[in-house]
Amino acid sequence: MSNKANHQKKEPSRKQPAKGSKDNQLQHIRLFNSKNLLTMLIIAALTFFVYSGALKNDFVNLDDDRYVTENPKLFLQSTADMFKIPDGYHMGNYHTITMVVYQLIYNKVKLDPFAYHLINLIIHLFNTLLVFYLVFLLSSCFEIACVTALLFGVHTMHVESVAWISELKDLLYAFFFFASLIAYVHYAKDRRRKGLYALAMILFLGSLLSKAMAASLSVVLFAIDFYLDGKFNRKYILEKIPFLALSAVFGIIAIKAQQSMDAVGDYTIFKPHERVALASYGYVTYLWKLIFPVNLSAYYAYPLYENDALPPVYFVFILLVLIVVAASWYSLRKNRYVFFGMAFFSITVFLVLQLLPVGGAVMADRYSYIPSMGIFFIFANGIYLLYKKTSTRYLAYGIILFSTAAYSFATINRCKIWKDGMTLWSDVIDKSQTIVLAYNNRGVLFNTMGQNLLEEAKKNPVKKDSAVLVLNKALNDFNNALRLNNKDTQAWSNKGLAYWRLGMNDSAIYNLNRAVTIDTNYAIAWSNLGSVYYSASRFADAVASYEKAVQCNPSLKDGWYNLGIINYYLGNKEKACESLQKAAALGMEHAGNAFRDLCK
């Protein structure tokens with residue numbers, strides 16, 4: 001073995017190497033020799049191969065529309081505006097760097113999904129190499145770094161972060177997060193190098209500007225100090241104050257951003273002790289799925305109440321968490337790597353355990369992206385112990401080969417699930433039949449497919465039967481969604497749209513009115529209602545509905561376009577041209593064409 005890992009019961013404090021010391025130089029010479037560089041290249045190549053299937057995938061109707069395909073900010077908002085508060089808020093987040101990168105990609109390739117997927121994969125490759133280097137710095141062991149990076153690179157739980165275009169923010173914040181930790185570890189080994197401390201701060205800011213979850217880094221630094229030196233002192237604590245201050249500031253910004261779109265959940269749905277149980281459930285489930293990544297889903301719904309209470313089984317997870325914590329603490333008697341790995345995992349996953357409810361899911365695969373490094377670090381240290389003994393060396397090889405092959409195979413297959421929205425939501429429904437969002441979003445795709453078939457039927461009447469069949473599938477999905485939640489406005493609106501395409505205007509109007517009755521500010525439903533009224537020759541009602549739609553959402557380009565067209569045919573040319581111009585300014589190309597043709 002090239003370097004000896006630290007596994008002693010009582011570990012001495014590491015001697016601070018002098019800046020540019022010979023020991024430091026030798027360590028990096030050992031790391032960057034041709035054999036080791038080849039190994040790192042193989043890890044990167046395997047990671048690329050395992051995730052390469054994602055490059056063939058399309059956008060999915062899970063936030064990709066709001067982040068990319070229908071996001072007017074990509075061509076309307078300046079880079080400077082994206083840094084402003086609250087102008088920089090998007091989708092309940094303040095992640096300026098993420099939005100700037102989307103804007104750069106959009107300006108180059110517009111809506112080519114391959115480019116967005118390629119950027120995600122390239123950043124994941126960089127993150128894998130950063131994990132390798134970070135672990136090498138922590139452990140001074142090439143083998144431990146290799147195993148940790150290998151698992152990080154190919155693991156199936158990371159598919160959601162890599163294969164989902166909307167999760168660019170996850171990859172970007174991880175890139176700056178790991179880079180900041182690397183700079184800090186260099187500084188921790190020689191605290192005279194203040195420039196590295198400043199670099200760690202700057203990279204931390206980059207991580208926070210990519211995703212607010214980066215706030216946990218300031219606490220991770222304490223874990224790193226303890227792992228390296230086995231102690232804390234006043235100086236170590238004081239030097240974290242700037243990091244903690246940044247975390248606090250961006251934490252407040254994140255909460256305000258979530259509140260700006262009502263993304264913070266209702267505290268009263270679950271009682272405080274039930275939230276602790278659900279957080280414990282998430283904690284244990286993340287651990288379990290990092291070892292056995294089975295039954296993965298793009299959406300994990302909260303459990304349903306039984307007799308007005310959370311099912312008792314969830315309280316067992318509190319005990320399991322206490323056992324894990326006790327075992328981690330007990331491990332300090334023999335080594336520090338288990339405690340550090342669990343501390344890293346726990347600190348970085350804590351913010352997404354839904355103690356502060358955000359969104360409608362109890363957990364998500366993407367939330368394990370950075371925390372997983374802690375678990376892989378423990379695993380790699382264990383493998384290294386087996387490798388050091390001649391009697392168990394082949395067992396170590398076998399475990400590495402088996403786990404790498406198993407995770408790689410599962411990752412290749414999981415990437416196929418993210419091929420498009422239809423495969424994604426069908427998979428979610430296969431895993432659980434209690435998720436309104438899944439039925440609704442798949443129904444939307446059936447709706448669009450049916451509309452396209454109806455267009456084709458104008459030239460080929462045979463397609464009409466296929467269109468009706470597909471639209472009935474859409475209605476079935478919307479009915480399932482409403483069965484689960486009869487106040488879901490999207491399901492009522494989309495169901496009305498399906499009826500309209502089937503030529504059933506009265507049913508369409510009834511369902512769309514149900515949607516706008518539940519939510520009077522639901523712009524898309526008002527716009528759809530306007531289209532139905534227009535086709536039923538109820539022009540005054542159509543105009544009123546379109547006007548209500550753009551009043552509720554001034555960025556609704558379809559609403560402005562439709563309002564422009566109907567006003568033109570009603571003889572209101574001035575109003576028509578004004579509406580078409582607004583639609584064109586929002587990026588609707590055919591609205592611009594219509595403006596040039598009709599408003600000369």
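All heavy atoms count here, side chains included; hydrogens, waters and symmetry mates do not.
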* To do: Apply ring pair (Phe, Tyr, Trp, His ring centres under 6.0 Å) to F270 and Y302, showing your working.
  => CA-CA 10 Å; F270 293 101; Y302 277 96; 5.3 Å; yes
Are D488 and K495 close enough for a salt bridge, meaning some N to O gap below 4.0 Å? no
Could you check whether [Y] and [X], counting side-chain N and O atoms only, form a donor-acceptor pair closer than 3.5 Å?
X	Y	value
W500	S535	yes
S372	H155	no
R514	N511	no
N71	Y106	no

Can you measure from [atom1] ([X]) to [atom2] ([Y]) and round to the nearest 0.5 angstrom?
X	Y	atom1	atom2	answer
L424	I429	CG	CD1	10.0 Å
N127	I122	CG	CD1	12.0 Å
L118	I123	CG	CD1	10.0 Å
Y173	H95	OH	NE2	13.0 Å
L111	I105	CG	CD1	11.5 Å
I253	F250	CD1	CZ	5.0 Å

Within a strict 4.5 Å, meaning less than it, do heavy atoms of the [X] and [Y] side chains meet?
X	Y	value
Q354	L278	no
S180	L217	yes
F178	I370	yes
T423	K416	no
Y67	I165	no
Y286	P371	no
L246	F204	yes
L62	S166	no

For residues 445-471, the salt bridge (Lys or Arg N to Asp or Glu O under 4.0 Å) pairs (sequence neighbours left out) are E455-K458, E456-K463
Between S493 (side chain only) and Q490 (backbone N and O only), is there a donor and an acceptor less than 3.5 Å apart?
no
Backbone of K419 reached by a side-chain donor or acceptor of K56 within 3.5 Å
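Answer holds: no.
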Looking at every heavy atom in both [X] and [Y], which two are closest together, and how far apart are they?
X	Y	result
N513	T517	O-OG1, 2.6 Å
Y546	S527	CE2-O, 3.2 Å
D430	Q433	O-NE2, 3.4 Å
A583	A591	CB-CB, 3.6 Å
A54	A163	CB-CB, 4.0 Å
T47	G153	CG2-O, 3.3 Å

Results of salt bridge (charged side-chain N to carboxylate O under 4.0 Å, His left out) for [X] - residues two or more places apart only:
X	value
E167	K169, K211, R366
D558	none
D420	none

Can you confirm whether more than 12 heavy atoms, excluding those of [X], are under 6.0 Å from its [atom1] atom?
X	atom1	value
F539	CZ	yes
D506	CG	no
I524	CD1	no

Problem - Test log, rule salt bridge (charged side-chain N to carboxylate O under 4.0 Å, His left out), inputs R414 and D427 - result: CA-CA 10 Å; R414 187 71 190 157; D427 178 74; 3.1 Å; yes
By ring-ring contact (aromatic ring centres under 6.0 Å, His included), Y51 pairs with (sequence neighbours left out) H124
- Message: Could you work out, with ring-ring contact (aromatic ring centres under 6.0 Å, His included) as the rule, every residue matching Y300, not counting sequence neighbours?
- Response: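 ring-ring contact (aromatic ring centres under 6.0 Å, His included) list for Y300, sorted by chain: empty.
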State which residue, out of D64, D365, N57, fulfils the side-chain hydrogen bond (donor to acceptor under 3.5 Å, both in side chains) condition with W164.
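Passing option: D64.
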Between side-chain atoms of residues 571-582 and protein atoms elsewhere (two or more places apart, or another chain), which donor-acceptor pairs fall under 3.5 Å?
residue	atom	partner	partner atom	Å
N572	ND2	N567	OD1	3.2
S579	OG	K575	O	3.2

Q: Start with the C-alpha gap between S216 and F177, add the side-chain angles, then the distance that decides, and say whether side chain to side chain contact (heavy atoms under 4.5 Å, CB included) holds.
A: CA-CA 10 Å; S216 61; F177 193 100; 3.8 Å; yes
Kindly list each side-chain donor-acceptor pair under 3.5 angstrom involving residues 468-477, sequence neighbours excluded, with atom names and distances?
residue	atom	partner	partner atom	Å
N472	ND2	V468	O	3.0
D477	OD1	R442	NH2	3.0
D477	OD2	R442	NE	2.9

Here the ring pair (Phe, Tyr, Trp, His ring centres under 6.0 Å) pairs for residues 440-466, sequence neighbours left out, are none
query = If you look only at pairs with a residue in residues 554-581, which of them pass as a ring pair (Phe, Tyr, Trp, His ring centres under 6.0 Å), with sequence neighbours excluded?
reply =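 For residues 554-581, and leaving out neighbouring residues, the ring pair (Phe, Tyr, Trp, His ring centres under 6.0 Å) pairs sorted by first residue read Y561-H590.
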Starting from the C-alpha separation in whole Å, work towards a yes-or-no answer on side chain to side chain contact (heavy atoms under 4.5 Å, CB included) for T98 and Y102.
CA-CA 6 Å; T98 300; Y102 277 133; 3.6 Å; yes
What residue pairs, at least two apart or across chains, pass side chain to side chain donor-acceptor pair (under 3.5 Å) with a residue in residues 108-121?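 Listed by first then second residue: nothing to list.
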The single option from L482, N441, L484, N480 that satisfies side chain to side chain contact (heavy atoms under 4.5 Å, CB included) with V436 is L484
Full working for side chain to side chain contact (heavy atoms under 4.5 Å, CB included) between V532 and N528: CA-CA 6 Å; V532 178; N528 290 340; 5.6 Å; no
With sequence neighbours left out, the residues meeting side chain to side chain contact (heavy atoms under 4.5 Å, CB included) with L445 are N61, M422, W425
task: Evaluate the criterion side chain to side chain contact (heavy atoms under 4.5 Å, CB included) for residue pair Y369 and E160; output intermediate values, then yes/no.
output: CA-CA 9 Å; Y369 189 75; E160 184 167 292; over 6 Å; no
